[in-house]
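Convention: sequence-line order gives letters A, B, ...; per-chain numbering from 1. Every value quoted in this text rests on a predicted model; they were computed, and no experiment measured them.
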There are 2 protein chains.
Amino acid sequence: MRFHSPAIQYFHAVRRTGSIRAAARVLNVASSAVSRQILKLEQEVGSPLFERTPRGLTLTTVGEMLARHVMNVLQDLDRFRSDVASLSGAWHGTVSIACIESLTESVLPDLIASHRGRARRVNFSTEVKGSSDVLEALSRGEADIGIAMALRHPPDLRQVALKRFRLGAVVAREHPLARRKTVTLAQCLAFPAIHALPELSIYHLLQPLIAQLSETPEPAIQANSIDLMRELAARGVGVAFQTQLGIGRLSRDSQLVFLPLDNAGSPVWSDLGIYVRAERTLPAYTDSFLQELVRELGERERRENAAYPPIA
Amino acid sequence: MRFHSPAIQYFHAVRRTGSIRAAARVLNVASSAVSRQILKLEQEVGSPLFERTPRGLTLTTVGEMLARHVMNVLQDLDRFRSDVASLSGAWHGTVSIACIESLTESVLPDLIASHRGRARRVNFSTEVKGSSDVLEALSRGEADIGIAMALRHPPDLRQVALKRFRLGAVVAREHPLARRKTVTLAQCLAFPAIHALPELSIYHLLQPLIAQLSETPEPAIQANSIDLMRELAARGVGVAFQTQLGIGRLSRDSQLVFLPLDNAGSPVWSDLGIYVRAERTLPAYTDSFLQELVRELGERERRENAAYPPIA
DNA sequence: ATAGCTGTTGCCGAAACGGCAGCAACATGT
DNA sequence: ACATGTTGCTGCCGTTTCGGCAACAGCTAT
């Protein structure tokens, strides 16, 4: 099923690989063929699409516009294909997800497992990144669904849902704070703290609050892995900070305790956004998973906010 | 600028014309070429796209799916072209509008005239239809922007805005009712009435209300032209019904009087919707006009509802 | 200088495309 | 009933486009 002109597909490959010869290898054709199609395209558009550098090719402004068009075309072709396939009962395809680390402990594996229980022939491709990288991967068409901290998102992305989770301190069961219901940041920082590095968005949530405190002790440990921070907290090394999403199972085993943060009487929210390319219609199997994802996150938001009601 | 394979464009032409030979005439190619491209497409998709009848070709289910894809591709290509053109300062293109008759008296001509005053090279193509035909033309890709009574719209259309206007009686200045501020339907029907035929949506707004009345006299005149109905009312033939949108200028000249309907103490609303194909990104020049249209209709809605405040 | 990478360009065979004329199937009008 | 107009489809054949091979110039790193 290859109705679109080779120029379109070659251009797409060159954009992804950043090189004509690399694109030719991926496409299993000679590099000269790719080169010629690109030159033909540039002639038809009337303007260069790439800047030629000794190391490869970079998109020009017009090139980026064409890239957007080509992405729309190819993604919609995918959708068409899946529509035709599902007409004859074949419900299969690959859902590509880019998300931040908080989802990997419980939300995402639970959802994927249960979804595959029902739809065996839907495959998944997941990639864990920082929030801004998630959005970028989505913009570049490298993922279908993105889950990231809800920052300002570029206009070519659509925020499907926005869920708020309370940020809290995470400590081992034996920790002195563990018996409390909520904690303030100052109370936490009286103990050794495990802080996120700036590449994690938790850093940007907590930093302004920490800056307001009169006394800011040196962090005992800094890390860029939610997983590592959680395990450190479980071993009693110190107080870590994250949403309860990231410690679901361990919390159930009662090794870890989650204490929602109390910031001068109000909660500290961590906003999670679900994103999709705006100029796109998702294939049915992808949309189906997206709906479940939104529902599940909404359910977790409801449960957690019921378990930890707003501070009066 | 013809990057897309001939198969795509030929298919599009065949879908529009409903015939291979007619498509060939439009495309300035031999019918055999078109026939072969369609056959090739069907072979690649693995399923027939058209049903062959002695009179021409009709889309199959798969064909409609492909038509949707092809429409997305070609409309997005248009947008890409306009994006590239506007990069070099050339802001031109054609805005295609399908709308109901109420807009033709004042709203649309005013807007188009003022828009062309600022952007001389943006052309317009307008087509007046019934509400459901407007939506259908939009779905088929025959128009960019649709304005219609806000009925249930198909899922492939997006309602950009929804504005409510009061339905009222329209009478000549000398009419006995002309001195009133508002009128009830019963009061109107005491006089000869000019009714809309079922093909106009006003019919479907008024019919349920008329059915509730104990006494329903025969309509003096039935018509399917807003324009004609207005002119008849101006000549004192009877009472016509419409929103004030349709009688803007004549009302200013005081030949006609608009009397908002009072239905048991509450207004009778006529909802106007502005629609766009959902799976589509509009070219910049089209979007610009759309914004103005929404703003202008919002402004009229505000002004009219201020002039005729809700019945206490 | 050598080796490795980049994109581009002649040359040539292969594949795709399009035009012409003719086919069968069906509808319409005399 | 017959002629004439459709419709889409199919050999045949020339033209255009595409792709592979090999060679080239430009640049980088060793």
Side-chain angles (χ1 to χ4, degrees), chain A residues 1-64 66-67 70 73-74 77, chain B residues 1-64 66-67 70 73-74 77:
Chain A
M1 235 197 262
R2 37 186 299 279
F3 358 82
H4 289 293
S5 78
I8 296 290
Q9 309 182 248
Y10 289 8
F11 173 84
H12 187 233
V14 171
R15 181 195 66 85
R16 279 184 308 174
T17 59
S19 146
I20 287 190
R21 285 188 123 100
R25 280 192 294 273
V26 172
L27 295 164
N28 281 318
V29 291
S31 66
S32 60
V34 179
S35 175
R36 265 189 272 261
Q37 291 293 344
I38 299 297
L39 290 172
K40 202 194 77 178
L41 261 183
E42 290 180 323
Q43 192 180 345
E44 273 172 3
V45 175
S47 156
L49 300 170
F50 293 97
E51 275 178 15
R52 271 71 169 178
T53 73
R55 311 198 174 288
L57 283 76
T58 317
L59 284 172
T60 63
T61 308
V62 179
E64 279 177 8
L66 183 59
V70 168
V73 169
L74 295 182
L77 176 63
Chain B
M1 237 197 259
R2 39 184 298 278
F3 347 87
H4 290 293
S5 74
I8 295 291
Q9 309 181 246
Y10 289 8
F11 173 84
H12 187 232
V14 171
R15 180 194 67 85
R16 279 185 308 173
T17 59
S19 145
I20 288 189
R21 285 188 123 101
R25 280 192 293 273
V26 172
L27 295 165
N28 280 319
V29 291
S31 66
S32 59
V34 179
S35 176
R36 265 189 272 260
Q37 291 292 344
I38 300 297
L39 290 172
K40 201 195 79 180
L41 261 184
E42 290 181 322
Q43 192 179 347
E44 275 170 3
V45 174
S47 158
L49 299 171
F50 293 97
E51 275 177 14
R52 270 72 169 179
T53 74
R55 311 198 174 287
L57 284 74
T58 319
L59 284 172
T60 62
T61 308
V62 179
E64 279 176 9
L66 183 59
V70 168
V73 168
L74 294 183
L77 176 62

What integer distance in Å separates [X]:[atom1] from [N]:[atom2]?
X	N	atom1	atom2	answer
Arg21(A)	dG19(D)	CZ	C1'	15 Å
Glu42(A)	dT8(C)	CD	C1'	12 Å
Arg25(A)	dC5(C)	CZ	P	8 Å
Gln9(B)	dG18(C)	CD	P	10 Å
Ile20(B)	dA25(C)	CD1	P	18 Å
Glu51(A)	dT8(C)	CD	P	13 Å
Arg2(B)	dA16(C)	CZ	C1'	13 Å
Leu57(A)	dC27(D)	CG	C1'	14 Å

Next on the checklist: Parallel, tilted or perpendicular: which one describes the rings of His4(B) and His4(A), with boundaries at 30° and 60°?
Outcome noted: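 Judged by the thresholds at 30° and 60°, the geometry between His4(B) and His4(A) is perpendicular.
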
Is [X] near enough to [N] that one of its side-chain N or O atoms lies under 4.0 angstrom from OP1 or OP2?
X	N	value
Lys40(A)	dC18(D)	yes
Gln37(B)	dA16(C)	no
Arg55(A)	dG7(C)	no
Ser35(A)	dT8(C)	yes

Checklist entry - Base, sugar-phosphate, or nothing for Tyr10(A), non-hydrogen atoms under 4.0 angstrom? => result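 Sugar-phosphate contact only - Tyr10(A) comes under 4.0 Å of backbone atoms but never of a base.
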
Checklist entry - Base, sugar-phosphate, or nothing for Ile38(A), non-hydrogen atoms under 4.0 angstrom? => result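 No contact.
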
Item to check | Close side-chain approach of Leu41(B) to Tyr10(B), heavy-atom, < 4.5 Å | outcome: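 Contact flag for Leu41(B)/Tyr10(B) side chains = no.
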
Item to check | Nucleotide nearest Pro54(B) (side chain, heavy atoms from C-beta), chosen from dT28(D), dG19(C), dC26(C) | outcome: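 Between dT28(D), dG19(C), dC26(C), the one nearest the side chain of Pro54(B) would be dC26(C).
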
Item to check | Ser31(A) side chain to Ala24(A) backbone, donor-acceptor under 3.5 Å | outcome: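 Looks like no, no N/O pair under 3.5 Å.
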
Next on the checklist: Does Arg36(B) contact dG19(C) through a side-chain donor or acceptor facing the base, at a distance under 3.5 Å?
Outcome noted: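 Counting by modelled atom types and ignoring angles, a donor-acceptor contact under 3.5 Å is found here.
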
Next on the checklist: Can you say whether a donor on the side chain of Ser19(A) sits under 3.5 Å from an acceptor on the base of dC5(C), or the other way round?
Outcome noted: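 Per atom types, no contact qualifies.
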
Next on the checklist: If the test is side chain to side chain contact (heavy atoms under 4.5 Å, CB included), which one of Thr60(B), Leu49(B), Leu59(B) qualifies with Leu66(B)?
Outcome noted: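 Considering Thr60(B), Leu49(B), Leu59(B), a side chain to side chain contact (heavy atoms under 4.5 Å, CB included) with Leu66(B) is found only for Leu49(B).
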
Checklist entry - Knowing that exactly one of Glu42(A), Arg36(A), Glu44(A) qualifies, which makes a side chain to side chain contact (heavy atoms under 4.5 Å, CB included) with Lys40(A)? => result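 Going through the options one by one, the only one that passes is Glu44(A).
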
Checklist entry - Starting at the 5' end of DNA chain D, which residue's closest nucleotide do you reach first, Ala30(A) or Gly18(B)? => result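 It is Gly18(B), whose closest nucleotide lies nearer the 5' terminus.
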
